[in-house]
There are 2 protein chains.
Amino acid sequence: MPHLAFPNSTCDGFRCETHCAVRPLAICGELEQVEHEEFERLAQHVRYGAKEALFSEDEVADAVYSLVEGIARLYKLLPDGRRQIIGFALPGDFLGMAPSARYSFSADSIGGVTVCKFFRGPFLRFIENRPHMLMRMNEFATRELSLAQDQMLLLGRRSAEEKVAAFLVGWRDRLARLEGVTKTVSLPMGRQDIADFLGLTIETVSRTFTKLEREKLIVIVPDGVRVLDPKRFDALAAA
Amino acid sequence: MPHLAFPNSTCDGFRCETHCAVRPLAICGELEQVEHEEFERLAQHVRYGAKEALFSEDEVADAVYSLVEGIARLYKLLPDGRRQIIGFALPGDFLGMAPSARYSFSADSIGGVTVCKFFRGPFLRFIENRPHMLMRMNEFATRELSLAQDQMLLLGRRSAEEKVAAFLVGWRDRLARLEGVTKTVSLPMGRQDIADFLGLTIETVSRTFTKLEREKLIVIVPDGVRVLDPKRFDALAAA
DNA sequence: AAGGAAGCTTGACACAGATCAAGGCCGCTC
DNA sequence: GAGCGGCCTTGATCTGTGTCAAGCTTCCTT
């Protein structure tokens, strides 16, 4: 078991020598040196192992999180256990803002995850008189909202094949922002997660992957897919 | 034709004698006298007739809107015409923020609508050094995002009957904030709008209304429904 | 290297909701 | 008040996706 990171270990109190790679993309990306140092002092750097809860729906929302490394799934459950994944969080994403005193969804790590954790009070006090920071929060919220609206269109009005294609294209483009453009799209989440994101069953997702492969649009590889015909593929995802 | 209001008529330049009823709920609800007067000077009060476009997806997003009176539908279209309504806007709602230079959805009036319209530049200049205003924008965005996430759960994981029940309960509760609690829920939007909001066809919506009426949960009245058994009804909407 | 568990794929069948088609109920206009 | 158009409802049938049930692959453990 390489690189065992025990949960909730922190490295605040000393200067982390590893430079935060996603800083420009994150909520704190436009802070200047001095302000950023003050901001850093509010943060706890927390590491989670695979499949751990960062927070859960209906818990008191006492902290917000900036994802530094790894991938998280964000989801809501119905009383009978049906699950809807409302998004996958990538490095740079900001999590945990809620319209009430409690979280409105749950978040857990897929593989290993590192976050900057901020307690609500100090965080709010830091931002409340910093317009630039508030503007940045607004940009983040607006982008999230727009993604959510795209997903509503997908969930309400697209066929299974369109859903899967649009998911792969969207995921590829989000990864491209972080890692640059690649032919192979890595899929760290499982088929069930994809199904719960797209409002499908795992069987339908599996069949649709197979179908796209038969149609020579993709090749299924371990933990991902290779897109063969980006042109035709983007068209399918858009339509 | 009573009260004919021709589109795009404005009343800025003189003090509107009618007091803005939804002010406390709106984006400007916490501005003090002096600041509010400055803010008002940026606004155009615009009146729209029924079924007019406030703005359309992919247009340059040169203005934002605070809805004062009436109801708007917000929606996205696929190239082949399939439509997803992403929300209904009520008085007090704030519209038109986009993550890029263009609107990410379309908005049009259902019946008559009055808005405060702000051009982007002056609006941004007004808020950029007013932390209270920025905080309020954040609250609005966070609430919208949470509603969008609820809707994803509905679209992806609920049955037709659950969708209709949850819609009626959600709509009733939003109206209650404005008009107080009532037994009769007014539905100014048509069946097709409800279908496009819930990811169903108009026939399924119609059949489901009829089914709920047969089961003695509601009575269908002109332009609305009366909820007979709120207990049982809320349960159906939650489950 | 064998055994097992977890995740993925495939097949047969069922069903919720879509589609196609007709008819009813207003509220206009003339 | 007759005729028309928009909206809504209802019925018959179809179909995409869900459900149920095996079987397969991969990888981890021992």
Next on the checklist: If you compare every side-chain N and O of A:R207 against the phosphate oxygens of D:dT17 (OP1, OP2), does one of them come in below 4.0 Å?
Outcome noted: no
Checklist outcome for this item: When rounded to whole Å, the CG to P distance for the pair A:D196 and D:dG18 reads 11 Å
Checklist entry - With sugar-phosphate meaning primed atoms plus P, OP1 and OP2, does B:T210 contact a base, only sugar-phosphate, or nothing at under 4.0 Å between heavy atoms? => result sugar-phosphate
Item to check | Of B:F55, B:F118, B:F94, the residue whose pairing with B:Y65 passes ring pair (Phe, Tyr, Trp, His ring centres under 6.0 Å) | outcome: B:F55
Checklist entry - Considering only heavy atoms from C-beta outward, does the side chain of B:E162 approach that of B:R157 to under 4.5 Å? => result no
Next on the checklist: Using a 6.0 Å cut-off, check whether atom CG of A:D223 has over 12 heavy atoms from anything other than its own residue.
Outcome noted: no
Item to check | Ring centroid separation B:Y75 to B:F197 under 6.0 Å | outcome: no
Next on the checklist: I'd like to know if A:R214 reaches the base of C:dT10 with its side chain such that a donor and an acceptor end up less than 3.5 angstrom apart.
Outcome noted: no
Item to check | Phosphate OP1/OP2 of C:dC8 contacted by A:S206 side-chain N/O (<4.0 Å) | outcome: no
Checklist entry - Is there a donor-acceptor contact under 3.5 Å from the side chain of B:E52 to the main chain of B:S109? => result no
Next on the checklist: side chain to side chain contact (heavy atoms under 4.5 Å, CB included) for A:E213 and A:R226? Distances and angles first, verdict last.
Outcome noted: CA-CA 10 Å; A:E213 190 170 44; A:R226 179 173 291 262; over 6 Å; no
Next on the checklist: With nearest nucleotide decided by heavy atoms, which residue, A:E161 or B:K51, maps closer to the 5′ end of DNA chain D?
Outcome noted: B:K51
Checklist outcome for this item: By nearest-heavy-atom nucleotide on DNA chain D, the more 5' of A:E203 and B:I202 is B:I202
Item to check | Among D:dT17, C:dC8, D:dT9, the one nearest A:A160 by side-chain distance | outcome: D:dT17
Checklist entry - Over how many whole Å does the gap from B:K211 atom NZ to D:dG11 atom C1' extend? => result 17 Å
Item to check | Sorted by number, the residues of residues 72-81 of chain B with heavy-atom contact under 4.0 Å to DNA chain D | outcome: none
Next on the checklist: Ignoring hydrogens and geometry beyond distance, is a side-chain donor-acceptor pair present between A:S206 and A:R191 at under 3.5 Å?
Outcome noted: no
Checklist entry - Mapping B:G199 and A:R191 to their closest nucleotides on DNA chain C, which lands nearer the 5' end? => result A:R191
Item to check | B:E213 CD - D:dC8 C1' separation (whole Å) | outcome: 13 Å
Checklist entry - Can you tell me if the side-chain N/O atoms of A:T204 get under 4.0 Å from OP1 or OP2 in D:dG18? => result yes
